[in-house]
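Read the structure below first, then the notes.
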Amino acid sequence: QTRIMVAAIGLVPWVTGLIVFNATPRVAAAADVAMISISTCTMLLLLLTTAARQESASVARRRAEREMATQSRLDSTTGALNRLGMTELVEGAWVDFKGGGDSYGVILIDLEFFRRLDEDYGRNEGEHVLSRLAATLQPQLRAFDAIGRWGRDEFLILLHIKDVSNLFVVATRLKAAIAN
């Protein structure tokens, strides 16, 4: 739409001027060409302004849609992926594994006695623990690994690995980070 309007800004006054100039005597033609050019440019300026507003509204809408799609895949308490986001990543990893032979590993972290902690100290304190745990685990992972909240007190970690022994190394590192 914007390209059409930009082309019209250049072509409409020129074509209109040629038509008027050739159709009327030369004395009246100059005044007519000026009047038509002014009105055409005004009209095109209004159209261009409208198109710019519409395009910026469209860009804002697409940005909001992307943000909503991202937010729908994040856990609000921990900032990690939620079950939907992790499910999509695991399904994608499965397709990669079946198609190209890429290797993936999964680590499930289940917080023992979390329900008791939640009951004794309150829900807010429990959410704080979950948030701190996610913040502790995330720096231990590579940029292309993923962590997500799988259940109430469970986290699932998806790793792109070369060898199964890498899972033990990462699990040991995560266990040490949690212990610290």
Side-chain angles (χ1 to χ4, degrees), residues 1-6 47-180:
Q1 223 175 14
T2 305
R3 291 183 197 135
I4 292 170
M5 289 190 187
V6 168
L47 287 173
L48 190 59
T49 304
T50 304
R53 280 191 202 139
Q54 184 180 17
E55 194 167 320
S56 67
S58 176
V59 167
R61 188 188 83 247
R62 284 193 303 267
R63 185 179 304 124
E65 287 171 353
R66 277 193 310 271
E67 181 67 25
M68 284 174 48
T70 300
Q71 290 300 322
S72 71
R73 286 161 178 75
L74 292 179
D75 178 58
S76 60
T77 301
T78 63
L81 291 171
N82 61 17
R83 191 175 184 107
L84 172 65
M86 280 305 292
T87 300
E88 289 176 349
L89 284 180
V90 169
E91 288 173 354
W94 180 252
V95 169
D96 286 348
F97 171 73
K98 294 294 263 181
D102 289 348
S103 295
Y104 291 90
V106 175
I107 298 174
L108 179 68
I109 297 175
D110 185 8
L111 301 177
E112 292 295 322
F113 307 112
F114 178 76
R115 182 163 289 146
R116 189 171 4 155
L117 179 140
D118 212 13
E119 291 169 357
D120 290 348
Y121 296 101
R123 184 177 177 93
N124 288 339
E125 196 60 35
E127 288 181 354
H128 180 69
V129 168
L130 293 173
S131 178
R132 291 272 319 266
L133 179 66
T136 301
L137 295 174
Q138 188 63 50
Q140 305 300 320
L141 303 174
R142 300 168 295 189
F144 49 85
D145 295 331
I147 182 171
R149 190 168 171 191
W150 193 246
R152 184 168 185 257
D153 60 348
E154 300 166 339
F155 287 86
L156 187 71
I157 300 172
L158 178 66
L159 304 164
H160 194 227
I161 59 172
K162 293 182 181 178
D163 187 54
V164 176
S165 63
N166 293 354
L167 284 174
F168 180 75
V169 172
V170 173
T172 303
R173 188 173 65 230
L174 293 175
K175 185 177 178 182
I178 293 169
N180 287 336

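Residue indices begin at 1 and follow the sequence shown.
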In short, Phe97 meets Asp102 closest at the heavy-atom pair CD1-O, 3.0 Å
For Arg123, the salt bridge (Lys or Arg N to Asp or Glu O under 4.0 Å) test, sequence neighbours excluded, returns Glu127
So the side-chain hydrogen bond (donor to acceptor under 3.5 Å, both in side chains) pairs with at least one residue in residues 163-174 (sequence neighbours excluded) are Asp163-Ser165
Scanning both residues in full, the closest heavy-atom pair of Gln140 with Leu174 reads CB-CD2, 3.5 Å
Residues at least two apart in sequence or cross-chain that pass ring pair (Phe, Tyr, Trp, His ring centres under 6.0 Å) with His160, listed by chain then number, are Tyr104
Side chain proximity check, Ile157 to Ile109, heavy atoms < 4.5 angstrom:
yes
Close side-chain approach of Leu117 to Asp153, heavy-atom, < 4.5 Å
no
In short, Asp145 meets Leu141 closest at the heavy-atom pair CB-CB, 4.0 Å
Which is it for Ile107 and Leu159 under the side-chain contact (heavy atoms from CB on, under 4.5 Å) test, yes or no, and what are the steps along the way?
CA-CA 8 Å; Ile107 298 174; Leu159 304 164; 3.7 Å; yes
Contacts of Tyr121 meeting ring pair (Phe, Tyr, Trp, His ring centres under 6.0 Å) (sequence neighbours excluded), chain-then-number -> none
Report the C-alpha distance between Arg132 and His128 in whole Å, list the side-chain angles of each, state the deciding distance to 0.1 Å, and finish with yes or no for side-chain contact (heavy atoms from CB on, under 4.5 Å). CA-CA 6 Å; Arg132 291 272 319 266; His128 180 69; 3.7 Å; yes
Here the pair of heavy atoms bringing Ala80 nearest to Gly148 is CB-CA, 4.1 Å
Under a 3.5 Å distance rule, please check whether Arg149 uses its side chain to pair with a backbone N or O of Phe155 as donor and acceptor.
no
| message | Counting only heavy atoms from other residues, nucleotides and ligands, does the tally under 6.0 Å from CZ of Arg115 exceed 12? | response | no
Glu154 meets the salt bridge (Lys or Arg N to Asp or Glu O under 4.0 Å) criterion, sequence neighbours left out, with none
* To do: Show your reasoning for whether side-chain contact (heavy atoms from CB on, under 4.5 Å) applies to Leu158 and Phe144.
  => CA-CA 9 Å; Leu158 178 66; Phe144 49 85; over 6 Å; no
OG of Ser131 to CG of Asn124, rounded to nearest 0.5 Å, is 12.0 Å
For Leu89 and Ala146, the nearest pair of non-hydrogen atoms, with its separation, is CD1-CB, 3.4 Å
Residues passing the side-chain contact (heavy atoms from CB on, under 4.5 Å) test with Thr136, sequence neighbours excluded, are Ala177
Looking at Glu65 and Arg61, is any side-chain nitrogen of the basic one under 4.0 Å from a carboxylate oxygen of the acidic one? yes
When rounded to the nearest 0.5 Å, the distance separating CG of Leu137 from CD1 of Ile147 is 4.0 Å
**Prompt:** Under the 3.5 angstrom rule, does the side chain of Asn82 hit a backbone N or O of Ser72 as a donor-acceptor pair?
**Reply:** yes
Point to revise | Residue pair Leu81 / Leu156, side-chain heavy-atom distance below 4.5 Å | key: no
